[in-house]
Every structure is written in C-alpha cells, then in structure tokens.
Amino acid sequence: MTELDQAWSKMLDDAVLKAGNSGRQDVLDFLRLRSANDNIRKIGVGWLFDTMIEIAGQAVRYNHQITIEREDPHNFARGSSNMVGSCLQLRQGVRCLTIEAGWARTPSDGIMQKGSLAFARISHFGMPKYGAEFRLAHSESLPHWLAEDDSVIDSSDIRQHFDLFIGS
C-alpha cells in the first residue's frame, strides 16, 4: 500500500468514526459503500495485473527475456477524467505492453462513466489498433472486467494481448 493509499484510508476511517459519533447515518452509509467499492477496485486491478504477471512469468521460464516494471501510483487520462491507479509495463527488446488501471478518486478527478468502478487500458507500443479498454462493473454475482462491447474479460483475453506482445 502506498503512502497516499494509507493516508486516504486513515482519512476515511476518521470520517467514519466522526459520522458515527455525530449520528449521521447517511454519511456513514456512503463512506461504508465507498470503502467497499474501493476494496472491489483494488481486488479487480490486482487480478488484472497478477494475471498478466503470471502469464509473463510462464514465458520467462521458457527463456523469453521480459522485463516487468510496475509504477504505483500512476495517473492517466480517460476522456476528460483523471484515473489514479497503477501501471504495469512488460518489455522485450523494442516491444512494450502497457496496462494502466485505476479510477477517479476525488471529485476533481472527474467521473466514472457507465457506472464503472475502475477502468483499464492495454496499449501495444507501435501497434495502437491492438489496444483495448476495459471497465470494472458490478454484475448480479461478482464484479467483472468488461470489454467495450460489454463482453466479460477473462484470463484468455489477457493471454491474447500477451501473445501479441511476444509475437506468437
């Protein structure tokens, strides 16, 4: 957890205590929902990055020379909104695969469209038409990463991006 995340968590905990002590049930409910959604976001982004790292790790075992770098915190633009999250970059020679994932954390960061909890962007250096954007959204059972056509993203979709990255 970064210092920013720790400070934010402490501020939310303090606000929950203050709202509870002052009898502000509406504020308390909002802060609890916000905390629950933040946990879902962290788990969703974690799954996305962990899946790519696991796939890359398998390739490294078969002698692919891949460098993996993670930047945390990381900001990126989505429309006129600022997404705050993490960035994962995989490099092999001149090839680079970048995954950015995050969400608008404060009102000044902008809005989350389509009821999304988080957004992710996959970029292939030098091959922009192969990039993709995903959104993390609630569903009937568990939250899912969804493609732009609302199809559910799973590890095979992540593997396709990795396979394109290594050229297979």
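If you read the sequence from its start, that first residue is 1, and numbering goes on from there.
- From Ser35, atom OG reaches atom CD1 of Ile40 across 10.0 Å, with rounding to the nearest 0.5 Å.
- A donor-acceptor pair under 3.5 Å is formed between the side chain of Trp145 and the backbone N or O of Gly44.
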Begin with the C-alpha distance, continue with both residues' side-chain angles, and end with the deciding distance and a verdict on side-chain contact (heavy atoms from CB on, under 4.5 Å) for Trp103 and Val45. CA-CA 10 Å; Trp103 58 94; Val45 170; 4.2 Å; yes

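- Between Val94 and Phe125 the shortest heavy-atom distance is O-CD2, 3.6 Å.
- Hydrophobic clustering (side-chain heavy atoms under 4.5 Å, transitive across Ile, Leu, Val, Met, Phe, Trp, Tyr) groups Ile68 together with Trp47.
- Taking both residues in full, the closest heavy atoms of Ala118 and Arg41 are given as CB-CG, 4.5 Å, listed atom of the first, atom of the second, then distance.
- For the pair Ser81 (side chain) and Ile111 (backbone), a donor-acceptor distance under 3.5 Å is present.
- Minimum interatomic distance between Pro128 and Gly126 (heavy atoms only, all atoms of both residues): CD-C, 3.5 Å.
- For the pair Arg78 and Phe119, the cation-pi test (distance below 6.0 Å, angle within 45°) is passed.
- By the 30° and 60° cut-offs, the orientation of the rings of Phe165 relative to Phe162 is tilted.
- Side chain of Ser116 to backbone of Met112: no donor-acceptor contact under 3.5 angstrom is found.
- Ion pairing between Arg34 and Asp38 holds under the 4.0 Å rule for side-chain N and carboxylate O.
- Here Cys87 contributes atom SG and His74 contributes atom NE2; the two are 4.0 Å apart, rounded to the nearest 0.5 Å.
- Inter-residue side-chain proximity for Phe134 and Ile122 is flagged as met; some heavy-atom pair is nearer than 4.5 Å.
- In this structure, Arg135 contributes its side chain and His144 its backbone to no donor-acceptor pair below 3.5 Å.
- Linking ILVMFWY residues whenever their side-chain heavy atoms come closer than 4.5 Å, directly or via other members, places Val60 and Met52 in the same cluster.
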side-chain contact (heavy atoms from CB on, under 4.5 Å) assessment of Ile158 paired with Ile153: CA-CA 8 Å; Ile158 306 304; Ile153 300 299; 4.0 Å; yes

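- Note that CG of Leu48 is 8.5 Å distant from CG of Leu88, once rounded to the nearest 0.5 Å.
- When each of Leu90, Ile66, Ile55 is paired with Ile166, the side-chain contact (heavy atoms from CB on, under 4.5 Å) condition holds for Ile66 and for no other.
- Side chain of Arg91 to backbone of Thr67: no donor-acceptor contact under 3.5 angstrom is found.
- Residues Thr98 and Glu100 have side chains in contact (heavy-atom distance under 4.5 Å, counting atoms from C-beta outward).
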Using side-chain contact (heavy atoms from CB on, under 4.5 Å), reason through Asn82 and Val84 one step at a time and then give a plain yes or no. CA-CA 6 Å; Asn82 176 50; Val84 180; 3.6 Å; yes

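- Looking at Ser151, its side chain never comes within 3.5 Å of a backbone N or O of Ala147 through a donor-acceptor pair.
- For His124, the ring-ring contact (aromatic ring centres under 6.0 Å, His included) partners are His161, not counting sequence neighbours.
- Distance check, rounded to the nearest 0.5 Å: OG of Ser86 to CD of Glu71 gives 9.0 Å.
- Within the 4.5 Å cutoff, the side chain of Leu97 has no heavy atoms near those of the Gln89 side chain.
- Note that the CG atom of Asp150 and the NZ atom of Lys114 stand 6.0 Å from one another [nearest 0.5 Å].
- With salt bridges taken as basic N to acidic carboxylate O contacts below 4.0 Å, none links Lys18 and Asp14.
- Of the possible polar contacts, one joining the Asp157 side chain to the Asp154 backbone as a donor-acceptor pair under 3.5 Å is found.
- Considering CG of Asp109 and CG of Asn75, their distance stands at 7.0 Å, rounded to 0.5 Å.
- Side-chain N/O atoms of Arg159 and Gln58 include a donor and acceptor closer than 3.5 Å.
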